[in-house]
Amino acid sequence: MNTEIFFHDIFTKHILSPSHPESPERLTASLEFIKKEGNIDEDMVSLVTPTPASIDEISPLHDIEYIEQVKRKSEGGGGYFTLDTSVNSYTYDAALHAAGAGIMAVDHVMDGETKNAFVLCRPPGHHAERDRAFGFCFINNIAVAAQHLISIRGVDRVMIIDYDAHHGNGTQNAFYERSDVLYVGLHQDGRTLFPGSGKPSEVGSGDGRGYNINIAMYPGAGDESYALAFDEIIAPVVESFKPEFILISSGFDAHFMDPLTTLGLTTSGFAMMNSRIHEMAKRSSQGRLVYFLEGGYNIEVMQKESLNLIEELSGRPITLFADSYSESDTSMAHTRRVIELLKTELKGIHF
Ligand SMILES: [Zn+2]
């Protein structure tokens with residue numbers, strides 16, 4: 001079985017505003033880079049053109065009146081939701097195709113048509129709330145796919161790991177009171193970065209208590225902090241939760257060269273996370289694993305991380321890139337404190 005990349009031309013036609021960092025080039029440059037290295041072939045990696053999601057598939061996650069608003073603004077040629085989140089005439093169609101790509105990807109994995117997949121889409125989704133567009137996002141693609149797995153495919157437990165530099169507020173809120181979808185976010189502390197949420201004390205409520213985990217990172221946190229978070233929190237939580245499917249919100253903006261954030265991951269740090277996630281999926285969820293692109297605003301980093309991800313998912317040798325960054329003792333000390341705090345909060349549930 002091979003790895004599938006879900007991509008549609010419509011993803012490049014949605015444009016927020018001229019020179020906006022969430023640009024079509026993020027996808028086109030990444031795809032070109034993967035192709036140039038000879039990584040797309042029939043045997044190991046294939047490109048799939050997705051179909052749009054239906055309103056029925058989106059409506060468990062979003063108010064229909066809000067979706068209608070996106071449609072109307074798009075049909076009208078454009079309009080703003082927030083100062084940095086606007087639509088053009090292609091946005092509605094692109095958002096439906098991005099959500100549709102996620103559904104198609106998890107279906108292909110469930111049906112054994114592919115072993116795993118990367119949804120290389122725009123617009124991204126993890127900031128989109130039930131009734132509003134936010135942070136360059138309109139429809140929460142990963143939440144729609146998780147819900148589809150639960151309600152249509154009969155999966156009991158889905159785990160979402162979100163390593164985008166920004167907290168996935170929309171995803172957290174979608175499943176905050178539920179124990180069937182476990183959200184883990186690794187993100188820059190909300191006191192220092194948009195959207196401000198994602199405190200370690202936000203652990204879910206009601207039935208969902210203990211099924212929302214925020215590993216908030218100090219600015220400058222890098223490979224060492226993330227490795228520790230995987231060792232101390234994510235690995236034991238996977239053992240305890242036993243996910244049947246793992247979904248990843250992969251934002252490549254946690255790299256130290258990203259222009260919008262101040263985290264400190266290197267390409268090898270991302271490679272470490274992807275390799276550990278892949279191993280966890282093989283062990284706990286029969287390898288069922290789908291990645292969704294969220295952020296990432298340095299084009300060269302986008303290219304390298306996309307290539308690394310495809311190499312990891314398809315089982316090819318990993319290309320190493322020589323970039324390095326040393327994180328401070330302050331950020332390591334902060335990571336240790338957050339980990340201890342989380343272990344206390346989650347005691348009796350996962351620890
Ligand atoms: Zn981000």
Not counting sequence neighbours, which residues clear side chain to side chain donor-acceptor pair (under 3.5 Å) with S59? List them please.
-> none
Could you list the donor-acceptor pairs under 3.5 angstrom formed between side-chain atoms of residues 45-55 and any protein atom two or more places apart in sequence or on another chain?
unit_1: S46; atom_1: OG; unit_2: N2; atom_2: ND2; d: 2.9
unit_1: S54; atom_1: OG; unit_2: E57; atom_2: N; d: 3.2
unit_1: S54; atom_1: OG; unit_2: E57; atom_2: OE1; d: 3.3

How many angstroms lie between [atom1] in [X] and [atom2] in [Y], if you round to the nearest 0.5 Å?
X	Y	atom1	atom2	result
F230	S275	CZ	OG	10.0 Å
I310	R316	CD1	CZ	9.5 Å
F241	I349	CZ	CD1	12.0 Å

Who are the ring pair (Phe, Tyr, Trp, His ring centres under 6.0 Å) partners of [X], not counting sequence neighbours?
X	value
F351	none
Y183	H167
F7	none
H126	none

Side chains of [X] and [Y]: do they bring a donor and an acceptor to under 3.5 Å?
X	Y	value
R130	N173	no
T335	S225	yes
D164	H187	no
N116	T3	yes
S249	E294	yes
E75	S89	no
T91	N88	yes
N214	Q172	yes
T261	D253	no
T319	E311	yes
Y325	D223	no

What's in the same ILVMFWY side-chain cluster as F194, cut-off under 4.5 Å, chained through other members?
-> F134
With clusters built from Ile, Leu, Val, Met, Phe, Trp and Tyr whose side-chain heavy atoms come within less than 4.5 Å, directly or transitively, what are the remaining members of the cluster of Y176, listed by chain and number?
->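 Result for Y176 is none, singleton.
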Tell me, which pairs form a ring pair (Phe, Tyr, Trp, His ring centres under 6.0 Å) where one or both residues lie in residues 16-46, sequence neighbours left out?
-> H20-F136
Any residue meeting side chain to side chain contact (heavy atoms under 4.5 Å, CB included) with E68, in chain and number order, not counting sequence neighbours | I64, E65, K71, R72
Which residues pass the side chain to side chain contact (heavy atoms under 4.5 Å, CB included) test with A133, sequence neighbours left out?
->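 Partners of A133 by the side chain to side chain contact (heavy atoms under 4.5 Å, CB included) criterion, ordered by chain and then number, come out as Y66, F81, T85, F138.
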Exam field: side chain R209 to backbone V203, donor-acceptor pair closer than 3.5 Å |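 Not at all, since once roles are kept as given, no pair shorter than 3.5 Å links the two residues.
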Using a 3.5 Å cut-off and no angle test, enumerate the donor-acceptor pairs between side-chain atoms of residues 92-108 and protein atoms at least two apart in sequence or in another chain.
unit_1: D93; atom_1: OD1; unit_2: H97; atom_2: ND1; d: 3.4
unit_1: H97; atom_1: ND1; unit_2: D93; atom_2: O; d: 2.8
unit_1: D107; atom_1: OD1; unit_2: H148; atom_2: NE2; d: 2.9
unit_1: D107; atom_1: OD1; unit_2: R153; atom_2: NH1; d: 2.8
unit_1: D107; atom_1: OD2; unit_2: H148; atom_2: NE2; d: 3.2
unit_1: H108; atom_1: ND1; unit_2: E4; atom_2: OE1; d: 2.6
unit_1: H108; atom_1: NE2; unit_2: E113; atom_2: OE1; d: 3.4

Could you go through the ring pair (Phe, Tyr, Trp, His ring centres under 6.0 Å) check for F270 and Y163 one step at a time?
-> CA-CA 9 Å; F270 277 100; Y163 66 56; 5.6 Å; yes
